[in-house]
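Below: one structure, written as structure tokens.
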Amino acid sequence: MKRIALVAALAALAACQQQEPAAEAEAAPDAAAAPAAAEGSMAADGKPAAGMYEVTTSKGEVFREEVNPDGTYVQTDKDGKVVETGKWVQKSPTQYCTTKDEEGAKEWCNTEGIDDKGVWTSTNDKGETATVKRVES
């Protein structure tokens, strides 16, 4: 169940667009380059990918995910308890991928977009779709 929620949250960020990395970032190792790529990414709503999101799974579960400019994320349940942390990367404007902070974790990618009614959806590799909303401060 947590995996579904995580995948849904990650899918929410799939519409981010990765900008060209700076010349100095290209020379840096992959771990150092990830934050630069994350900072320039755009979400499906056209705003920077970094931010707070509320994700509702197809089963009605609701959680929040804070997507940080440094390429990390923190997922919390409805009570604010941290349930997952990890790293994210935007591979294309419609493909958002995450890797949990746990040994042996596999990268999961989601496809997302905003439909003609303005609904932001995120679909994981299993075909499960979640609805995403940006939480403005």
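In this text the structure is predicted, and so the values were computed from the model without any measurement.
- Within the 4.5 Å cutoff, no side-chain heavy atoms of Glu65 are placed close to those of Trp88.
- Contact of the Tyr53 side chain with the Val67 side chain is registered, since non-hydrogen atoms from C-beta on lie closer than 4.5 Å.
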* To do: Evaluate the side-chain contact (heavy atoms from CB on, under 4.5 Å) criterion for residues Lys87 and Asp101: first the C-alpha distance (whole Å), next the side-chain angles of each, then the deciding distance (0.1 Å), finally the verdict.
  => CA-CA 7 Å; Lys87 294 181 180 35; Asp101 282 338; 3.5 Å; yes

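- Across all non-hydrogen atoms, the minimal contact from Val55 to Val132 is CG2-CG2, 4.5 Å.
- Atom-to-atom distance recorded for Lys100:NZ and Glu107:CD is 13.5 Å, nearest 0.5 angstrom.
- Thr57 places a side-chain N or O within donor-acceptor distance of the main-chain N or O of Glu61, the cut-off being under 3.5 Å.
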* Can Asp125 and Trp108 be said to form a side-chain contact (heavy atoms from CB on, under 4.5 Å), step by step? -> CA-CA 8 Å; Asp125 294 335; Trp108 290 92; 3.9 Å; yes

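- Among all heavy-atom pairs drawn from Gly113 and Ala44, the shortest one is CA-CB, 4.4 Å.
- One finds the OG1 atom of Thr56 at 6.5 Å from the NZ atom of Lys133 (value rounded to the nearest 0.5 Å).
- No donor-acceptor pair under 3.5 Å is formed between the side chain of Trp120 and the backbone N or O of Ile114.
- Note that CG of Asn110 is 10.5 Å distant from OG1 of Thr121, once rounded to the nearest 0.5 Å.
- What you find for Phe63 and Asp77 is that their closest heavy atoms are CB-CA, 4.5 Å.
- Remark: the backbone N or O of Lys47 is paired with a side-chain donor or acceptor of Asp45 at under 3.5 angstrom.
- Closest approach of Glu54 to Val135, counting heavy atoms only: N-CG2, 3.7 Å.
- Put simply, OG1 on Thr76 and CE on Met52 are 6.0 Å apart, with the number rounded to the nearest 0.5 Å.
- Defined by atom type and a distance below 3.5 Å, a donor-acceptor pair is missing between the side-chain atoms of Thr129 and Ser58.
- When all heavy atoms of Arg134 and Pro48 are compared, the closest pair comes out as NH2-O, 2.9 Å.
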* side-chain contact (heavy atoms from CB on, under 4.5 Å) between Glu66 and Asn68, worked out -> CA-CA 6 Å; Glu66 182 175 3; Asn68 300 306; 3.4 Å; yes

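- Note that the CD atom of Glu128 and the NZ atom of Lys126 stand 5.5 Å from one another [nearest 0.5 Å].
- Without hydrogens or angle criteria, Asn124 side chain to Gly127 main chain gives a donor-acceptor distance under 3.5 Å.
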* Asked: What's the verdict on side-chain contact (heavy atoms from CB on, under 4.5 Å) for Val62 and Lys78, showing C-alpha distance, side-chain angles and the deciding distance?
  -> CA-CA 7 Å; Val62 179; Lys78 64 181 179 176; 5.7 Å; no

